[in-house]
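Read through the structure below, which is laid out as structure tokens, and then see the notes.
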4 protein chains.
Amino acid sequence: MNTPAGRRGTGGGVRVQRADARANRARILDVAEEVFGKGGESASTEEVARLAGVGIATVFRHFPTKTALLEAVLARRFDRQREQAEALLNAADPGQAFLGFFRYLVADAPAKIGIAEALLDAGGDGGGEAAQASTELRQAFGALLQRAQQAGVIRDDVELPEVYALLVGVSRAAAREHPGEQMRARLLTIVFDGLAPRL
Amino acid sequence: MNTPAGRRGTGGGVRVQRADARANRARILDVAEEVFGKGGESASTEEVARLAGVGIATVFRHFPTKTALLEAVLARRFDRQREQAEALLNAADPGQAFLGFFRYLVADAPAKIGIAEALLDAGGDGGGEAAQASTELRQAFGALLQRAQQAGVIRDDVELPEVYALLVGVSRAAAREHPGEQMRARLLTIVFDGLAPRL
Amino acid sequence: MNTPAGRRGTGGGVRVQRADARANRARILDVAEEVFGKGGESASTEEVARLAGVGIATVFRHFPTKTALLEAVLARRFDRQREQAEALLNAADPGQAFLGFFRYLVADAPAKIGIAEALLDAGGDGGGEAAQASTELRQAFGALLQRAQQAGVIRDDVELPEVYALLVGVSRAAAREHPGEQMRARLLTIVFDGLAPRL
Amino acid sequence: MNTPAGRRGTGGGVRVQRADARANRARILDVAEEVFGKGGESASTEEVARLAGVGIATVFRHFPTKTALLEAVLARRFDRQREQAEALLNAADPGQAFLGFFRYLVADAPAKIGIAEALLDAGGDGGGEAAQASTELRQAFGALLQRAQQAGVIRDDVELPEVYALLVGVSRAAAREHPGEQMRARLLTIVFDGLAPRL
DNA sequence: AATGAATGAGAATTCATTCAT
DNA sequence: AATGAATGAATTCTCATTCAT
């Protein structure tokens with residue numbers, strides 16, 4: 001399981017335990033993402049611990065409150081999405097980049113929304129790291145939008161706030177209904193037509 | 001606090017008591033609608049009882065579980081909206097009727113969504129009376145949509161499922177963000193443009 | 001599960017449940033007084049519930065926090081002692097009255113101190129009803145002191161603060177050591193000699 | 001339960017390590033004395049470790065239970081005070097020696113009492129090394145008392161048990177109330193007058 | 001010998017639901 | 001039919017103590 005590493009602190013040895021702890025932390029985050037992502041019910045921290053195969057106290061050692069755990073889960077997810085967005089900033093086709101990312105976010109939404117709601121339930125105020133990460137994602141999304149508008153693929157008279165609200169809304173719709181590929185596509189058709197430049 | 005009161009059989013009518021009970025039932029529903037509509041947190045049944053001015057047991061006499069109470073609240077709300085829809089079926093301008101109703105539902109959504117989430121939290125499966133009422137509302141909405149399409153105000157290649165999903169999505173967007181009149185209008189502009197017939 | 005209790009409430013009787021509840025409340029207070037009075041360990045609310053023969057939630061119905069429970073227990077005890085003091089205010093022999101009351105408080109102290117410490121542990125700030133009751137007891141004690149001084153039984157150059165502190169100290173000494181009648185008497189001999197007028 | 005550890009005979013001196021360990025042990029004791037002396041709440045062992053700059057396991061290596069740690073802290077304190085007492089046994093003025101030491105113990109009490117209470121909370125029975133050290137302190141105090149009585153400064157009809165109880169009581173009074181120099185002095189005036197020889 | 005991660009047994013508090021009147 | 005007191009099963013979080021390195 002563990003690396004042998006420098007037995008007696010002879011110098012080279014490092015952080016063996018740390019690796020273990022880090023693995024636990026990651027597993028807890030993964031499990032929490034899944035458990036809370038299921039949404040609906042309000043899952044308990046104990047459930048997370050059980051599925052992660054650790055004691056409840058271990059969860060609380062890594063995340064001092066339930067809110068902190070949810071923040072971390074959500075922030076990680078936002079961060080991943082922002083990275084996606086940033087990777088698309090140099091894409092050859094700005095229109096495709098924007099629309100594809102929009103599609104991707106909607107498809108990815110269900111789990112995220114469950115987590116966000118659990119966070120609200122747990123009393124998360126908008127001041128945590130998740131909010132920060134959310135803002136950054138929104139900015140990256142805004143950059144994609146701007147490029148798409150400059151490329152003439154998205155009408156000029158819309159701005160980030162309403163487009164983002166639309167994204168959130170469609171995501172929420174997709175979250176609870178999980179409409180299947182087909183209907184999600186038809187939904188997006190309408191929305192994208194609404195976003196297309198007026199003739 | 002309340003005396004049993006009105007115990008004296010009033011002869012012919014036992015309906016007097018019934019009236020009392022019915023009034024209580026209505027008041028409980030009203031209060032529950034408000035309390036749970038506030039959304040966010042999960043309000044307690046006891047809170048509802050207190051604000052309704054009845055004992056907690058009275059709430060449970062009328063609605064055997066919290067889920068049942070939420071179902072009733074939600075069903076009543078769906079019914080009201082369906083009535084609105086049906087009233088618009090004979091409107092002179094089918095386009096106006098559809099779009100106006102769409103707008104109305106979105107504006108009305110925040111409270112409803114709060115209730116629906118509370119219902120999910122309370123373990124409400126989609127099989128109750130609320131689901132039934134929801135289906136009926138959807139049908140009425142579908143009728144309005146069809147008329148608007150026949151009138152050429154809404155594009156022909158969309159169907160109820162995706163339009164309804166879109167409605168739900170925009171409603172959800174409006175729910176948590178309460179964007180204010182302005183942004184809601186801009187949001188609807190995009191959506192309605194997307195729904196307009198292609199040239 | 002429920003004791004028959006107060007069954008006889010037929011005649012003029014009302015509030016039968018109320019009577020039950022009141023009995024429960026009293027029993028909880030009694031048990032809590034004993035349990036926390038034992039001092040030392042930090043007794044749990046669950047222990048109180050179990051010994052009182054009620055569910056834990058019942059304790060919390062009557063006293064919304066552990067602190068509130070402890071406040072109530074302590075306040076009740078202070079109130080009883082204050083009543084004793086007030087009853088002695090008209091005693092024929094002011095010296096006997098004061099010294100006797102001093103003796104009584106010391107003998108009564110052990111349990112009280114345990115409770116007070118539990119209250120501190122539970123985060124009781126000095127602002128509750130117990131503090132209020134404590135202040136009133138101190139005032140009554142002060143009145144007895146003043147009378148004893150006027151009667152020439154207690155030296156004139158001492159004032160309430162230090163005498164009360166002395167009372168507290170001796171009480172605390174008696175609390176943990178429970179020295180038995182004998183030694184308590186010898187202790188009080190010293191203190192009372194110290195309080196006697198200088199020649 | 002214990003690992004064999006340190007199995008490899010290191011031949012000559014193991015004392016180097018021992019010095020390190022001893023330093024750690026002393027630092028832990030110092031920190032614990034301060035932390036628990038603050039009284040009130042119940043401080044955690046982890047807090048002690050953190051402030052001492054060692055890992056939690058190190059604390060438990062030196063003191064196998066929290067109780068053992070508290071015993072050690074308290075015993076050390078008792079020992080120090082006993083040394084003070086023994087140093088005063090040869091003082092020129094036995095009355096001054098006794099009264100001064102009494103005063104000193106009262107002033108020093110607050111921290112000690114906090115520790116003692118933490119010990120009780122942790123389930124310390126009176127059988128540990130602290131009790132032993134306490135007994136020795138009491139004996140030294142008794143010797144001072146006897147000398148003062150022989151010198152005619154303290155009345156003859158009091159004996160160690162009640163005087164010591166009085167000391168404890170006044171100390172306890174001073175502990176929670178921290179009355180300030182002034183009132184402590186007035187308190188001691190009364191007590192010392194009570195201890196003075198009857199005329 | 002030292003470290004810090006992991007653990008499980010509580011503890012306070014809440015809430016939907018039932019019972020006795 | 002109405003009341004409100006009682007209930008016990010959760011849930012979040014803490015802490016002394018042990019384990020693996």
Side-chain angles (χ1 to χ4, degrees), chain A residues 1-9 13 15-22 24-25 42 44-47 49 54-62 64-67 122, chain B residues 1-7 14 17-18 20-21 24 42 44-47 49 54-62 64-67 69 122, chain C residues 1-2 9 13-22 24-25 42 44-47 49 54-62 64-67 122, chain D residues 1 3 5-6 14 17-18 20-21 24 42 44-47 49 54-62 64-67 69 122:
Chain A
M1 191 86 26
N2 291 329
T3 67
R7 176 55 53 104
R8 304 180 318 102
R15 311 300 107 170
V16 186
Q17 278 271 306
R18 270 326 197 311
D20 238 40
R22 193 171 300 201
N24 267 347
R25 192 190 141 96
S42 50
S44 70
T45 310
E46 191 137 20
E47 177 87 353
V54 300
I56 175 108
T58 300
V59 177
F60 277 93
R61 161 173 274 270
H62 285 288
T65 64
K66 190 183 186 182
T67 298
Chain B
M1 201 57 58
N2 272 337
T3 63
R7 175 58 53 103
V14 206
Q17 292 252 345
R18 273 312 203 298
D20 234 40
N24 268 348
S42 51
S44 73
T45 312
E46 192 130 22
E47 176 88 352
V54 302
I56 177 81
T58 301
V59 175
F60 276 88
R61 167 170 288 273
H62 285 290
T65 65
K66 189 183 187 184
T67 298
L69 170 58
Chain C
M1 200 57 53
N2 272 338
V14 253
R15 318 291 106 174
V16 185
Q17 277 272 307
R18 273 319 195 327
D20 239 39
R22 191 169 303 200
N24 267 347
R25 192 189 142 96
S42 49
S44 71
T45 310
E46 191 136 21
E47 176 86 353
V54 301
I56 176 104
T58 301
V59 176
F60 277 91
R61 162 171 275 269
H62 286 288
T65 63
K66 188 184 186 182
T67 298
Chain D
M1 199 66 48
T3 65
V14 207
Q17 293 254 344
R18 271 315 203 296
D20 234 39
N24 268 348
S42 50
S44 73
T45 312
E46 192 130 21
E47 176 87 355
V54 302
I56 176 83
T58 301
V59 176
F60 276 89
R61 167 171 288 273
H62 285 290
T65 65
K66 189 182 188 185
T67 298
L69 171 59

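So that the names make sense, note that chain A is the first sequence line, chain B the second, and so on, each numbered from 1.
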Exercise. C:Phe60 and C:Thr65: which non-hydrogen atoms are nearest, and at how many Å?
Worked result: CE2-CA, 4.2 Å

Exercise. Nearest-Å distance, CG (A:Asp20) to C1' (E:dA6)?
Worked result: 10 Å

Exercise. Of C:Arg25 and B:Gly55, whose nearest nucleotide on DNA chain F comes first from the 5' end?
Worked result: B:Gly55

Exercise. Does A:Arg61 make a side-chain N or O approach to OP1 or OP2 of E:dA6 shorter than 4.0 Å?
Worked result: no

Exercise. E:dC15 P sits how many Å from B:Glu47 CD, rounded?
Worked result: 10 Å

Problem set entry | All side-chain contact (heavy atoms from CB on, under 4.5 Å) counterparts of D:Glu46, not counting sequence neighbours | A:Arg61, D:Ser44, D:Ile56

Exercise. Given E:dA6, is OP1 or OP2 found less than 4.0 Å from the side-chain N or O atoms of A:His62?
Worked result: yes

Seminar exercise, completed: Of E:dA5, E:dA1, E:dT3, the nucleotide closest to the side chain of A:Ala21 is E:dA5

So which protein N/O to nucleotides 11-14 of chain E N/O distances come out below 3.5 Å?
unit_1: E:dA12; atom_1: OP1; unit_2: C:Thr45; atom_2: OG1; d: 3.4
unit_1: E:dA12; atom_1: OP1; unit_2: C:Lys66; atom_2: NZ; d: 2.8
unit_1: E:dA12; atom_1: OP2; unit_2: C:Thr45; atom_2: N; d: 3.2
unit_1: E:dT13; atom_1: OP2; unit_2: C:Lys66; atom_2: N; d: 2.8

Exercise. Is the shortest side-chain N/O distance from C:Asn24 to OP1 or OP2 of F:dA6 below 4.0 Å?
Worked result: yes

Seminar exercise, completed: Pairs under 3.5 Å (Watson-Crick or G-U), crossing ones as [ ], inter-strand ones as |: DNA chain F comes out as .||||||||||||||||||||

Exercise. Is D:Thr58 near enough to E:dT3 that one of its side-chain N or O atoms lies under 4.0 angstrom from OP1 or OP2?
Worked result: yes

